[in-house]
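Everything on this sheet refers to the single structure shown next.
From a predicted model like this one, the values you see are computed outputs, not experimental measurements.
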Amino acid sequence: MTHNGTPYASHTEAETSAMLSTIGVEREEELFDIPGDVRFEGSFGIPSRDERTTRALVDRTLGENDDLVEFLGRGHYDHYVPSMIDHLADRSEFLTSYTQYQPEIAQGFLQVLFEYQSMIVEITGLDVANCSMYDAATALGEAATLAIRAREADGDHVLVPERLHEGRRRTLENYLIGHEVRIETYPMDDGTADLAALEERVGEQTLLVYAESPTVRGTIEENLGSIGNICDEHDGLFIVGSDPIALALLESPASVGADIVIGDAATLGLPAAYGMGTGLFACREAFLRQVPGRLVGASEDSTGRRTYTLTLQTREQHIRRERATSNICTNQAWVALRIAMHIAWLGPEGLVELAEGCVTRARDLAERLDEIKGIKAPVHDRHHFREFVAHTDQPAPAIAADLEAAGYAVHVVGDHEIQLCVTEVNAGSIGGLVDAVEEAAR
């Protein structure tokens with residue numbers, strides 16, 4: 001028997017011909033209306049290769065990459081991931097359970113996701129967490145549309161910091177298309193929120209205020225409590241952006257009046273992927289029925305045993321569109337599973353120790369760079385987490401190019417500003433980086 005295409009759609013040629021004849025077309029291509037200016041009629045010219053030859057080709061191609069030690073951050077962080085996480089997460093029970101719609105055959109995965117939610121609830125101090133979103137940017141967009149639906153604040157202004165990751169800002173703008181809501185910014189004062197300027201901008205028209213700690217430039221926001229009070233005075237929702245490692249050390253978002261917490265949870269469980277992430281989303285219980293994405297709940301089966309199942313499924317896939325909270329169609333369940341494993345492996349003390357290292361390593365590197373003539377580090381007189389911005393007397397692009405030639409990658413964030421991120425993964429290369437910066441700054 002011959003099959004067309006894939007064994008997962010195993011129709012014989014006779015079956016395919018019969019179906020095409022029934023609907024009155026000769027070829028499958030006729031089912032697709034592809035414009036001529038984008039239609040490709042030729043051949044890709046890719047010869048077939050056996051596995052050994054393909055692996056050798058891929059190895060040669062990857063070998064052409066620059067071998068750089070990355071001191072990059074700004075939303076993508078490389079922390080050590082224990083090998084046991086790969087071994088456990090690669091079990092077939094987890095890899096093949098993409099969506100846990102059938103609880104009778106997915107209890108193990110559902111329980112892990114329930115534990116993930118419980119961990120996020122514990123570190124944020126809020127009442128409810130879903131079992132992941134795509135990434136921090138979509139979590140922010142979903143938080144804004146939740147605020148619109150909830151309308152605890154009857155405003156139409158969304159206030160975000162003037163320094164915000166560009167991807168998060170653009171995703172937020174996309175989410176708010178079609179809503180009568182305007183995005184405005186509030187200024188920063190030496191790397192954190194300018195409280196006086198923010199208070200002038202917040203009023204009855206304010207729907208929500210978004211603040212991050214740590215910020216995109218690595219500063220720890222010291223004014224979260226005051227921002228929360230400002231929001232509370234004007235009945236605006238307060239959204240905090242952070243991540244699980246930072247939240248292990250910094251003040252609990254719930255304690256500063258946060259209504260919603262978003263962020264990238266994949267600072268744990270995955271190495272830096274520069275695209276792959278997991279959106280953290282937690283909120284007050286008042287918003288339980290407005291939470292986007294998936295929620296795993298605990299119940300009992302007919303014998304009284306504890307069981308787990310997806311609950312309150314208010315996505316567009318499951319209910320009428322006009323009643324849906326979100327049209328987000330999937331989540332990052334397998335990555336959330338890895339994150340839960342990593343948190344459990346670290347334990348409370350290990351998580352705090354990891355977070356403390358993010359403060360001390362950034363501080364120590366900044367102190368060493370600040371001793372170099374032509375470098376001021378950090379630019380902001382604040383506490384930092386993982387990363388910081390340094391001023392360079394020489395043009396920053398030239399400094400970064402010299403560092404790249406020496407084998408190190410940093411961010412250029414201004415004409416005379418570079419940003420560096422240090423974790424336990426690249427800490428062993430700090431000495432070489434400092435020497436390279438000293439050479440480049442001459």
Side-chain angles (χ1 to χ4, degrees), residues 1-17 27-29 31-32 34 38-73 75-100 105-106 108-109 112 132 134-135 264-278 329-342 345 403-410 421 423-429 432:
M1 179 182 294
T2 60
H3 302 89
N4 288 331
T6 166
Y8 294 101
S10 53
H11 299 301
T12 66
E13 291 182 3
E15 290 170 339
T16 301
S17 297
R27 300 184 307 151
E28 293 177 48
E29 289 79 0
L31 301 176
F32 303 94
I34 302 175
V38 297
R39 179 185 291 272
F40 179 69
E41 299 285 1
S43 169
F44 288 111
I46 301 175
S48 60
R49 298 180 176 92
D50 60 28
E51 179 180 342
R52 179 181 59 80
T53 305
T54 302
R55 290 177 68 94
L57 175 62
V58 171
D59 287 342
R60 287 197 303 272
T61 303
L62 293 178
E64 297 175 6
N65 289 337
D66 290 333
D67 187 15
L68 300 177
V69 178
E70 298 178 358
F71 284 84
L72 304 174
H76 301 283
Y77 305 110
D78 197 8
H79 288 282
Y80 177 74
V81 179
S83 60
M84 72 81 142
I85 292 175
D86 284 335
H87 289 294
L88 291 177
D90 283 350
R91 289 177 62 97
S92 61
E93 303 97 311
F94 295 134
L95 285 178
T96 59
S97 181
Y98 168 63
T99 53
Q100 299 75 43
I105 62 172
F109 207 148
V112 173
S132 78
Y134 292 132
D135 53 21
D264 189 355
T267 51
L268 294 167
L270 281 180
Y274 303 108
M276 170 71 77
T278 297
C329 295
T330 187
N331 65 357
Q332 300 288 76
W334 186 72
V335 186
L337 170 138
R338 295 177 62 96
I339 295 164
M341 289 177 176
H342 199 167
W345 183 84
L403 291 178
E404 182 176 341
Y408 302 97
V410 300
C421 176
T423 70
E424 71 280 7
V425 172
N426 59 10
S429 300

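For Phe32, the CZ atom counts as loosely surrounded, since its 6.0 Å shell holds 12 or fewer non-hydrogen atoms of other residues, nucleotides or ligands. Residue Met276 places its CE atom among 12 or fewer non-hydrogen atoms of other residues, nucleotides or ligands, all under 6.0 Å distant. Enclosure of atom CD in Glu51 is not indicated, since only 12 or fewer non-hydrogen atoms of other residues, nucleotides or ligands lie within 6.0 angstrom. Other residues, nucleotides and ligands contribute over 12 non-hydrogen atoms within 6.0 Å of the CZ atom of Arg39.
Taking CG from Leu268 and NE2 from His79, the interatomic distance works out to 7.0 Å, rounded to the nearest 0.5 Å. If you take CD on Glu28 and OG on Ser17, they are separated by 9.0 Å, rounding to the nearest 0.5 Å. Rounding to the nearest 0.5 angstrom, the gap separating the CG atom in Leu62 from the CZ atom in Arg60 is 11.0 Å. To the nearest 0.5 Å, the span separating CD on Glu29 from CD on Glu41 amounts to 8.5 Å. Interatomic distance, CG of Asp78 versus CG of Leu270, reported as 10.5 Å (0.5 Å rounding). One distance of note links CD1 of Ile85 with NE2 of His342; it measures 5.0 Å at 0.5 Å rounding.
Judged purely by atom type and a 3.5 angstrom limit, Asp264 uses its side chain to pair as donor or acceptor with the backbone of Thr278. A distance-only check finds no donor-acceptor pair linking the side chain of Asp86 to the backbone of Ser83 [under 3.5 Å]. The closest donor-acceptor contact from the side chain of Trp334 to the backbone of Ala89 lies under 3.5 Å. Under the 3.5 Å distance criterion, the side-chain polar atoms of Gln332 are matched with a main-chain donor or acceptor of Gly277. Remark: the backbone N or O of Gly432 is not paired with any side-chain donor or acceptor of Ser429 at under 3.5 angstrom.
Of all heavy-atom pairs between Ala266 and Val335, the closest is CB-CG1, 4.3 Å. Between Ile46 and Arg49, the closest heavy-atom pair is CG2-NH1, 4.3 Å. Heavy-atom minimum distance, Ala336 versus Ser132: CB-CB, 4.2 Å.
In this structure, Phe109 and Phe94 have perpendicular ring planes: the angle between them is above 60°, well past the 30° mark.
A donor-acceptor pair shorter than 3.5 Å can be found between the side chains of Thr53 and Asp50.
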### Message
Go through it in stages, so that I can follow the logic: the residues are Leu68 and Glu404, the test is side-chain contact (heavy atoms from CB on, under 4.5 Å), and I'd like the CA-CA distance, side-chain angles, deciding distance and then a yes or no.
### Response
CA-CA 7 Å; Leu68 300 177; Glu404 182 176 341; 4.0 Å; yes
